[in-house]
Number of protein chains: 2
Amino acid sequence: MKQMPQKPPTNLQALRTEIASRYEAMSPRLKQVASYVLDNPNDIAVETLSVIAGRCDVQPSTIVRFAKALGYGGASEMQRLFRDEILAASPSPSYSERVRQFRERSNSMDWFSPFNVMHDFTESNIIALEHLREGVSKDDLETVIDLMHKAHTVYLAGVRRSFPVAAYLAYSLSHVEKRAFLLDGVAGMTSEQSWMMGPEDIVIAVTFRPYASETADVAERAKANGTPLIAISDSRLNPVARDAAVCFEIKDAEVRQFRSLTASMCLAQTLVISYAYRFGANGGNGLGTHKGPAE
Amino acid sequence: MKQMPQKPPTNLQALRTEIASRYEAMSPRLKQVASYVLDNPNDIAVETLSVIAGRCDVQPSTIVRFAKALGYGGASEMQRLFRDEILAASPSPSYSERVRQFRERSNSMDWFSPFNVMHDFTESNIIALEHLREGVSKDDLETVIDLMHKAHTVYLAGVRRSFPVAAYLAYSLSHVEKRAFLLDGVAGMTSEQSWMMGPEDIVIAVTFRPYASETADVAERAKANGTPLIAISDSRLNPVARDAAVCFEIKDAEVRQFRSLTASMCLAQTLVISYAYRFGANGGNGLGTHKGPAE
DNA sequence: AAAAAGTTGGAATATATTTTCTAATATCAC
DNA sequence: GTGATATTAGAAAATATATTCCAACTTTTT
């Protein structure tokens with residue numbers, strides 16, 4: 001036990017802060033407890049010490065030690081805080097009740113509150129993901145995975161709004177041990193970079209309206225060099241998608257005239273993981289060499 | 001004891017109905033208990049029998065009789081229902097539970113087909129989005145929007161897996177006419193770049209396990225320079241989140257040991273759009289009227 | 001490499017909580 | 001009013017839960 005604060009926190013917020021700030025100095029078992037406590041506050045409020053202990057994979061006495069380390073007399077004293085938090089919350093927040101309240105609030109209140117925007121966003125993105133699941137062809141996926149496998153290097157193109165998707169692909173492909181090169185145009189070298197693409201490579205171009213000329217240029221260069229082109233786009237009716245061997249047509253969510261990237265990112269992730277499972281350096285079970293949860 | 005149902009209700013909703021329908025037939029003390037139970041579900045979940053008894057002005061044994069009258073073996077059995085309700089409402093536990101169930105379902109089939117991976121991904125991401133909506137605090141959103149407004153420049157930090165999120169924020173913030181600067185470390189200039197941050201700016205740092213030292217360095221520099229720090233992370237238990245004025249704790253979907261970015265991206269978009277609505281150069285409603293979720 | 005300090009698991013103990021039981025009290029039918 | 005029946009309070013018993021303690025183990029220091 002390193003320090004023994006005279007004043008244990010008396011409200012949840014303070015407690016969470018205190019735990020976070022002392023986390024580094026804690027022993028391994030205490031860390032286990034700390035992260036469980038932060039992640040599952042309601043469990044702490046409602047379950048008994050021994051079931052909490054079981055879920056942390058720790059002895060009940062460890063929980064008591066944890067509470068004492070924070071300055072409480074015992075674990076029950078700490079639980080009291082979590083229980084009070086629940087009691088302080090609105091009387092009966094049943095799910096349907098909350099939905100009703102939300103409707104009420106948002107109909108009358110301003111549409112522009114961050115809270116409402118978030119609600120819209122999650123809602124629309126969920127719909128977009130459902131569409132993605134229905135809309136992407138099994139064969140297209142197989143074809144692209146196969147092309148990626150055969151390719152020496154995967155080039156990624158995407159600027160502005162599409163850039164995060166291309167960057168994510170470049171990053172995660174190289175993490176599953178596929179050579180990947182992001183045509184990022186740093187130092188204005190896009191044309192030098194894309195000159196390198198050959199027939200043994202492939203390029204994945206991500207482009208959404210309004211289509212960027214940089215990405216179109218890359219597509220053109222790919223055509224000239226005989227490099228197979230895969231497009232991730234919102235339509236087939238643009239120069240990039242038209243020349244693509246495979247075009248994934250993604251309908252991303254649109255919230256108040258702002259297009260989201262959720263579905264595109266989800267597709268990108270699918271491509272990478274599928275590739276890793278099928279052909280990744282570590283064989284069938286895919287992600288083995290990278291220890292622990294992938295980053 | 002009037003009737004003894006063989007089948008006590010197994011969920012809160014059913015229990016409430018049952019209590020209501022049998023209320024008239026109850027003895028006076030039992031009525032006292034009944035109305036307290038209906039009115040204060042959280043108390044029942046969290047407090048001990050004797051304090052509940054005290055608040056109903058009744059003996060503990062009366063609560064037991066009440067529970068038995070409804071068909072339960074004892075009061076604890078009835079409390080379980082109220083406790084489960086609280087646990088179900090909480091993001092994390094039911095979150096992991098749902099994901100686990102989904103996994104189980106999809107485990108049997110062909111794990112490696114891209115089609116299945118896609119299915120996994122969309123499903124898990126949908127769950128993650130639902131929990132993002134429930135889990136992000138209204139106040140935190142408001143606070144951050146406000147900080148962004150007051151800031152001269154918004155600096156963005158995030159490398160590796162977090163890079164797409166930071167890049168998206170930088171891109172889209174400047175599109176709504178907020179000065180935004182991505183600390184991208186091109187040419188190894190991260191420390192030169194972060195030196196520029198001052199107390200009039202803010203920095204939004206995106207970091208996920210395993211936490212990158214580059215981002216931690218930026219956070220440290222922010223602290224030294226008096227620049228307010230906002231963290232988007234998977235836990236408060238890392239150096240960046242610990243020092244943050246506001247920390248959004250995001251539970252992104254994890255599919256087969258691969259973490260997604262969907263929820264984080266969705267939060268990023270929410271921040272930008274909310275900012276644009278409230279303070280953007282185009283004025284309050286410059287971005288158009290709401291037309292419901294996009295198709 | 002030995003000693004010291006800190007950490008941990010688990011049994012033993014102390015405490016709290018729930019449940020059962022009984023005598024007393026109220027209610028109702030006649 | 002009287003007896004039959006149901007209800008209640010409260011103490012006692014049973015059970016569940018929290019806490020303490022110590023020997024074994026790990027890590028750090030010297």
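Lettering follows sequence order; numbering is per chain, from 1.
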Enumerate the protein-to-nucleotides 9-12 of chain C contacts in which both atoms are nitrogen or oxygen and the separation is below 3.5 Å.
{"from": "C/dG9", "atom 1": "OP1", "to": "A/Arg29", "atom 2": "NH1", "distance (Å)": "2.2"}
{"from": "C/dG10", "atom 1": "OP2", "to": "A/Gln59", "atom 2": "NE2", "distance (Å)": "2.8"}
{"from": "C/dG10", "atom 1": "O6", "to": "A/Ser61", "atom 2": "OG", "distance (Å)": "3.1"}

[N] [atom2] sits how many Å from [X] [atom1], rounded?
X: A/Phe66; N: C/dT8; atom1: CZ; atom2: C1'; answer: 16 Å
X: A/Met26; N: C/dT8; atom1: CE; atom2: P; answer: 11 Å
X: B/Leu30; N: C/dT27; atom1: CG; atom2: P; answer: 15 Å
X: A/Met78; N: D/dT17; atom1: CE; atom2: C1'; answer: 15 Å
X: A/Ile63; N: D/dA18; atom1: CD1; atom2: P; answer: 10 Å
X: B/Arg80; N: C/dT18; atom1: CZ; atom2: P; answer: 13 Å
X: A/Arg83; N: D/dA18; atom1: CZ; atom2: C1'; answer: 11 Å

Exercise for the section: Please list, chain by chain and in numerical order, all residues satisfying side chain to side chain contact (heavy atoms under 4.5 Å, CB included) with A/Thr17, sequence neighbours excluded. Expected result: A/Gln13
Completion exercise
What residues 44-54 of chain A contributes to the DNA chain C interface at heavy-atom separation below 4.0 Å is none
Practice task
Among residues two or more places apart or on two chains, list those pairs meeting salt bridge (charged side-chain N to carboxylate O under 4.0 Å, His left out) that have a residue in residues 41-56 of chain B.
Solution key: A/Arg80-B/Glu47, B/Asp43-B/Arg55, B/Glu47-B/Arg55
Handout entry: Main-chain N/O of B/Val154 paired to B/Asp201 side chain as donor or acceptor, under 3.5 Å
Key = no
Problem - Below 4.0 Å: OP1/OP2 of D/dT20 and any side-chain N or O of A/Lys68 - result: yes
Problem - Any B/Gln79 side-chain N or O less than 4.0 Å from OP1/OP2 of C/dT18 - result: yes
Problem - Partners meeting salt bridge (Lys or Arg N to Asp or Glu O under 4.0 Å) with B/Lys223 (sequence neighbours left out) - result: B/Asp243
Exercise for the section: Mark yes when over 12 heavy atoms from residues, nucleotides or ligands other than B/Glu220 sit less than 6.0 Å from its CD; otherwise mark no. Expected result: no
Practice task
Please say whether more than 12 non-hydrogen atoms of neighbouring residues, nucleotides or ligands are located less than 6.0 Å from CG in B/Asn11.
Solution key: yes
Handout entry: Donor-acceptor pair between B/Asn116 and A/Tyr277 side chains, under 3.5 angstrom
Key = no
Practice task
Please list, chain by chain and in numerical order, all residues satisfying ring-ring contact (aromatic ring centres under 6.0 Å, His included) with B/Phe66, sequence neighbours excluded.
Solution key: none
Practice task
For the pair B/Lys251 and A/Asp39, find out whether any cationic side-chain nitrogen is under 4.0 Å from an anionic carboxylate oxygen.
Solution key: yes
Exercise for the section: Could you please name the option among C/dT18, D/dT8, D/dA18 that lies closest to any side-chain atom of A/Ser76? Expected result: D/dA18
Completion exercise
Checking C/dT7, D/dT19, C/dT19 against the side chain of A/Val64 (C-beta onward), the nearest is D/dT19
